[in-house]
Amino acid sequence: MIQDNELTEDARRRIVARVGDWFDEHRRDLPWRRSTPWGVMVSEFMLQQTPVSRVLGPWQEWMERWPAPDDLASEQAGAAVAAWGRLGYPRRAQRLHRAATVISEQHAGRVPGTLEELRALPGVGQYTAAAILSFAFGGRAVVLDTNIRRLLCRVEDGREFPPDSATASEWRRAEDWLPDTDERAAHWAAASMELGALVCTARSPRCEDCPVKDSCRWRAAGYPRHDGPPRRTQAWHGTDRQCRGVLLDLVRQNPEGVTVEVALGAWAERVQAERSLAGLLADALVRDDGGLLRL
DNA sequence: AATCCGTGGGG
DNA sequence: TCCCCAAGGAT
């Protein structure tokens, strides 16, 4: 049980302090860290399952075009999906547009600053709500993303990888790591995530550069490889997701509209193409404008 | 709880 | 080449 192997409070405090010092020296100068709550929110949506390097460009464009929630809310959802480009998971653009609409109509155009209000926005889950509260408002919240999960798993549990999805036990444990004050909690959230992203990485971790290598149980145990059940990997080739991606990209690249027949011709398996297009239409990621498909 | 939802780069 | 995985969320 994790509970029996918990680090002492003192040990945790020491590690938190070292990670914080490391962060002060090595933090990346990411643009959304010098931005508004809205800028932070846009970045969090874009960063859901998408690497920082690919988000930088689109984020800049979004912030210039839609510097505040009201600006995005005044557009059609299709404009957001179009501007999403090839970031992937285009429904995130749709949810961000809906969230902007809610903010505009119910929060006077300002990103709300409580966990409950944030969590109620479309596309904002437990992680994103905590991240916005912490990064944008400097609040104290349990921020648990893939980087922090991996870091805590290694340092405290001595294992290479956490479970496929965050467990209640992980959330409880992460709370034990959270410093008491708003300021220190927010600093820890950003610092631990950064360490996970830059040093305690999934593959080829840079353990020699780690500020807490002497306290790491995974290192002490000799870096045992993941032993549990095989980690869940998603199929891709020939899936509906791949097909939807092809169809949506075709529509995205043809603002003048695409006929259904042309769209279906872009995918070899007719039945699958029909099913995928129906899904895109049902999701309102694509609309049928008098026989022409558009965003 | 398990599955679905895009895309591209690094090892 | 192929496989893994990247600041998750919704159903």
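Throughout, a chain's letter reflects where its sequence line sits, starting with A, and its residues are numbered from 1.
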Ionic contact status for Glu61(A) with Arg65(A), cut-off 4.0 Å =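 No, Arg65(A) and Glu61(A) are not salt-bridged.
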Partner residues of [X] under the ring pair (Phe, Tyr, Trp, His ring centres under 6.0 Å) criterion, sequence neighbours left out:
X	value
Trp62(A)	Trp66(A), Trp84(A)
His26(A)	Trp22(A)
Phe23(A)	His187(A)

Any salt bridge (Lys or Arg N to Asp or Glu O under 4.0 Å) pairs touching residues 179-190 of chain A, not counting sequence neighbours?
-> none
What distance, rounded to whole Å, do you find between the two C1' atoms, one in dA2(B) and one in dA7(C)?
-> 23 Å
Could you measure between the two P atoms, the one in dG8(B) and the one in dG9(C), and give it in whole Å?
->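 Approximately 22 Å lies between the P atom of dG8(B) and that of dG9(C).
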Separation of His237(A) atom NE2 from dT7(B) atom P, in whole Å?
->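 About 13 Å, once rounded to whole Å.
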Mind calculating the distance between CH2 (Trp84(A)) and P (dT7(B)) to the nearest angstrom?
-> 12 Å
In residues 245-254 of chain A, which ones come under 4.0 Å of DNA chain B, going by heavy atoms?
->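 Residues of residues 245-254 of chain A that come under 4.0 Å of DNA chain B are, in numerical order, Gly245(A), Arg252(A).
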Interface residues of residues 258-289 of chain A with DNA chain B (non-hydrogen, below 4.0 angstrom) |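 Here the set is empty: none.
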With [X] via salt bridge (charged side-chain N to carboxylate O under 4.0 Å, His left out) - residues at least two apart:
X	result
Arg225(A)	Glu160(A)
Asp209(A)	Arg206(A)
Glu208(A)	Lys213(A), Arg219(A)
Asp240(A)	Arg275(A)

Scan the side chains in residues 116-125 of chain A for donor-acceptor partners under 3.5 Å anywhere in the protein, sequence neighbours excluded, and list what turns up.
{"from": "Glu117(A)", "atom 1": "OE1", "to": "Thr114(A)", "atom 2": "OG1", "distance (Å)": "2.9"}
{"from": "Arg119(A)", "atom 1": "NH1", "to": "Val124(A)", "atom 2": "O", "distance (Å)": "3.1"}

Can you check each nucleotide of nucleotides 1-11 of chain C against protein heavy atoms at under 4.0 Å and return B for base, S for sugar-phosphate only, - for none, in 5' to 3' order?
-> ---BSBBBSS-
